[in-house]
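Read the structure below first, then the notes.
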Amino acid sequence: MKILVTGGAGFIGSNFVHYIYRERPDWQITVLDALTYAGNKANLEGLDPQRVALVIGDICDEQLVDQLFADTDAVVHFAAESHNDNSLTNPRPFLDTNIIGTYTLLEAARKHNKRLHHISTDEVYGDLELDDPNKFNENTTYNPSSPYSSTKAGSDLLVRAWVRSFGVQATISNCSNNYGPYQHVEKFIPRQITEVLEGRKPKLYGSGENVRDWIHTEDHSSAVLTILEKGKIGETYMIGAEGEKNNKEVVEMILELMGKDKSDYEHVNDRPGHDLRYAIDATKIKSELGWQPKYTDFRSGLADTIKWYQDNEAWWKPQKAETEAKYQEIGR
Ligand code: NAD
Ligand code: DAU
C-alpha cells in the first residue's frame, strides 16, 4: 500500500504519519507539505527514509499533485491553513490552500480514480449554546463562523459534490480540538504551556467560558485509519472523544500540573466571532466502524503533553518569539 499524506509535516498530519509507520509497517508513505510556518521537517525525524518520503510542495500545484496521485493508492488530506486567529488577520491563504488546494486534489483523485480521505473540523457546524443537549452529528447544518471554518466548510462541500457528480471515492471526517505533541505554539494548549515555561502567565480569551471537545491526536489518527480502511465511500464521520472542557478549566489544569497557583493567568481581549461551544456525537463511527478512543483521561494526556514541551524546547523555541509578537500586534 502506498499512501500520500498532505500536510504530513504539520501537527496532526505528522502524528498520523508516525501512527501509520508503527501500525502498518508494510506501507510506503509520501508526505506532500509546503512547509509553511506551521510545517516542520523535524516532525518526521527518526522515520526510515526508505519508508517515508517528504516532497516539499504546494497542494495547489496541479502538475506536482498529478504526478504524486499517479503513484499512490490512497490519499489522506490534512494540509490546510488551520488557525482561526490568523484567518481573522489575513484570510487569503485560507482560500488558496483550503479551497483551491482541496479542489486541486479532487481533480487529481477524479482523473486517477484514487481513494481520498478529507480531514475536516467540527467548526464547520458553527457553535452550540452551553446548555444545548444536542451535539454536532453528521446531519447538523453547516453554519461556519470564521474565515478559517468557512473555507473548511467550502472544502467539505467540494468533496461532497465531487463524490456525487463525478463518483470520486472520497470520505470526510469532522473532528474536534486535538492536543498532543508537535502542535504549533500559536494554538491554545501549547501557547499556555510555553508561556509558563518562559515565566509568563497563560492568556485566556474573554471570560474563558468557551468549551472545546478535546481529543488526543493519537485517537484522531486511529479514527482516520479506521475510516480509510472500513469507511463507506461518500460518507461523513464525526470524530470526538467526549472531552468537553471550558478554557478556564484547561488553563487551571495546566497551571496546577506545572506546579503553579491555578489562578495565575490573565484575561486578554476576546477573539472576534469567538465560537462558544463545540461538542461531538461520535455514535456513527463507533457503531458502524467499531472505533473507540483510547486516550480518554484528559488530565493524564495533558500531563504527557506538558512533559513533551518541557523535553522539546529546541523544537518550539524558534517559533515562540515570532508567534507572541503576532499576538501582541492583535492585542491577544
Ligand atoms: P497545522 O497548521 O499544524 O498543519 C498544516 C500543515 O499543512 C503544515 O505542515 C503546513 O506546512 C501544510 N500546508 C499548509 N498549506 C499547504 C499547502 N498549500 N500545500 C501543502 N502543504 C500545506 O494544522 P493541524 O492542526 O495539524 O490540522 C491539520 C488538519 O486537521 C487541517 O485540515 C485542519 O483543518 C484539521 N483539523 C484540525 C484540528 C485541530 O484541533 N488542530 C481539529 C480538527 C480538524
Ligand atoms: O475544533 C477544531 C478546531 O480546533 C480546528 O479546526 C482548528 O484547526 C484548531 O485550531 C482548533 O480551533 P480553535 O479555535 O478551537 O483552537 P485554538 O487553539 O485557537 O483555541 C482553543 C480555544 O482557546 C478557543 O476557545 C480560543 C481560546 N484561546 C486560544 C488561544 C490561542 C485562548 O483562550 N487563549 C489563547 O491564547
Side-chain angles (χ1 to χ4, degrees), residues 5-16 31-41 43-44 54-61 64-65 76-88 93-94 96-98 100-102 104-105 118-125 127 136 144-146 148-149 151-152 155-156 173-180 182-192 195 202-215 217 220 224 239-240 245-248 250-251 265-271 274-280 323-324 327 332:
V5 180
T6 74
F11 163 47
I12 305 176
S14 65
N15 275 286
F16 179 73
V31 169
L32 170 60
D33 198 296
L35 296 184
T36 67
Y37 79 96
N40 193 337
K41 265 186 193 172
N43 297 6
L44 301 171
L54 169 63
V55 176
I56 301 171
D58 194 322
I59 57 166
C60 302
D61 179 340
L64 175 62
V65 165
V76 182
H77 172 34
F78 291 91
E81 284 293 335
S82 69
H83 192 38
N84 276 298
D85 289 322
N86 293 343
S87 81
L88 295 164
F94 290 75
D96 292 336
T97 290
N98 301 357
I100 301 298
T102 303
T104 308
L105 300 180
H118 174 64
I119 303 292
S120 192
T121 167
D122 57 359
E123 292 193 24
V124 298
Y125 304 109
D127 59 356
F136 297 141
S145 316
S146 74
Y148 162 66
S149 52
T151 57
K152 289 299 289 188
S155 68
D156 291 12
S173 54
N174 296 84
C175 187
S176 58
N177 284 64
N178 285 222
Y179 73 101
Y182 300 112
Q183 188 169 28
H184 194 279
V185 292
E186 70 190 353
K187 301 290 182 355
F188 178 54
I189 288 180
R191 184 181 186 203
Q192 314 315 333
E195 284 297 89
K203 318 262 180 310
L204 205 50
Y205 290 178
S207 64
E209 66 177 339
N210 306 66
V211 171
R212 295 296 182 263
D213 192 350
W214 294 100
I215 181 172
T217 187
H220 190 178
V224 170
I239 304 174
K245 298 257 170 311
N246 75 36
N247 294 339
K248 184 165 166 288
V250 175
V251 158
Y265 59 85
E266 60 192 22
H267 290 276
V268 294
N269 293 334
D270 207 352
R271 171 187 284 171
H274 195 175
D275 280 340
L276 184 55
R277 173 176 166 234
Y278 305 140
I280 295 265
T323 304
E324 286 309 314
Y327 276 122
R332 292 199 283 281

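Counting starts at 1 for both ligands and their atoms, following the listed order.
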**Q.** Nearest-0.5 Å distance that lies between atom OG1 in Thr121 and atom CG in Asp156
**A.** 8.5 Å
Q. About how many Å separate NE2 of His274 and CG of Asp85, when rounded to the nearest 0.5 Å?
A. 8.5 Å
Q) Taking only residues two or more places apart in sequence or in another chain, which ones pass salt bridge (charged side-chain N to carboxylate O under 4.0 Å, His left out) with Lys203? A) Glu195, Glu266
Backbone or side-chain N or O of [X] under 3.5 Å from ligand 1 N or O:
X      : value
Ala79  : no
Asp33  : yes
Cys60  : no
Lys152 : yes
Ser82  : yes
Ile12  : yes
Thr36  : yes
Thr97  : yes
Phe78  : yes

Taking all heavy atoms of [X] and all of [Y], pick out the closest pair and write down the distance.
X      : Y      : result
Arg271 : His83  : NH2-CE1, 3.9 Å
Val31  : Leu44  : CG2-CD1, 4.1 Å
Tyr265 : Leu204 : CE1-CD2, 3.5 Å

So do the side chains of [X] and [Y] get within less than 4.5 Å of each other, counting heavy atoms only?
X      : Y      : result
Asn210 : Phe188 : no
Val76  : Ile119 : yes
Thr6   : Val65  : no
Val268 : Tyr205 : yes
Glu123 : Asn84  : yes

Relative to the heavy atoms of [X], which atoms of ligand 1 are at a distance of less than 4.0 Å?
X      : answer
Ala9   : 9 (O)
Ser120 : 43 (C), 44 (C)
Asn177 : 40 (O)
Gly7   : 6 (C), 7 (O)
Leu35  : 11 (O)

Does [X] use its side chain to pair, donor to acceptor, with the backbone of [Y] at less than 3.5 Å?
X      : Y      : value
Ser87  : Tyr148 : yes
Asp33  : Ala9   : yes
Asp270 : Ser207 : no

Q.
Please evaluate residues Glu186 and Asn86 with respect to the criterion side chain to side chain donor-acceptor pair (under 3.5 Å), reporting the C-alpha separation (whole Å), side-chain torsions for both, the decisive distance (0.1 Å), and the verdict.
A. CA-CA 9 Å; Glu186 70 190 353; Asn86 293 343; 3.2 Å; yes
Q. Side chain, backbone, both or neither: which part of Pro93 has a heavy atom under 4.0 Å from ligand 1?
A.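 It is neither; nothing of Pro93 touches ligand 1.
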Q) Does Arg332 count as lying over the ring of Tyr327, i.e. NZ or CZ under 6.0 Å from the six-ring centre, within 45 degrees of the axis? A)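 No, a cation-pi geometry is absent between Arg332 and Tyr327.
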Q) Parallel, tilted or perpendicular: which fits the ring planes of His77 and His118, with parallel below 30° and perpendicular above 60°? A) tilted
Q: List, ordered by chain and residue number, the protein residues whose closest non-hydrogen atom lies under 4.0 Å from any atom of ligand 2.
A: Ser82, His83, Asn84, Thr121, Asp122, Glu123, Tyr148, Ser176, Asn177, Glu186, Lys187, Phe188, Arg191, Gln192, Lys203, Leu204, Tyr205, Asn210, Arg212, Asn247, Arg271, His274, Tyr278, Tyr327
[X] heavy atom under 4.0 Å from ligand 1:
X      : value
Ser14  : no
Gly101 : no
Ser176 : yes
Tyr148 : yes
Gly57  : yes
Asp58  : yes

Identity and distance of the protein heavy atom lying nearest [atom]:
atom                    : answer
atom 3 (O) of ligand 1  : Phe11 N, 3.1 Å
atom 19 (N) of ligand 1 : Ile59 N, 3.0 Å
atom 43 (C) of ligand 1 : Cys175 O, 3.3 Å
atom 35 (C) of ligand 1 : Ile119 CG2, 3.8 Å
atom 40 (O) of ligand 1 : Asn178 N, 2.9 Å
atom 20 (C) of ligand 1 : Ala34 N, 3.2 Å
atom 4 (O) of ligand 1  : Gly10 CA, 3.5 Å
atom 5 (C) of ligand 1  : Ala80 O, 3.5 Å

Q.
For a side chain to side chain donor-acceptor pair (under 3.5 Å) check, start with the C-alpha distance between Ser176 and Asp213, then their side-chain angles and the critical distance, and finish with the verdict.
A. CA-CA 6 Å; Ser176 58; Asp213 192 350; 4.6 Å; no
Q | Pairing of Arg277 and Glu209 as salt bridge, 4.0 angstrom limit | A | no
Q) Looking at the rings of His184 and Tyr182, which for Trp means the six-membered one, are their centres under 6.0 Å apart? A)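 Here the rings of Tyr182 and His184 have centres that are no less than 6.0 Å from each other.
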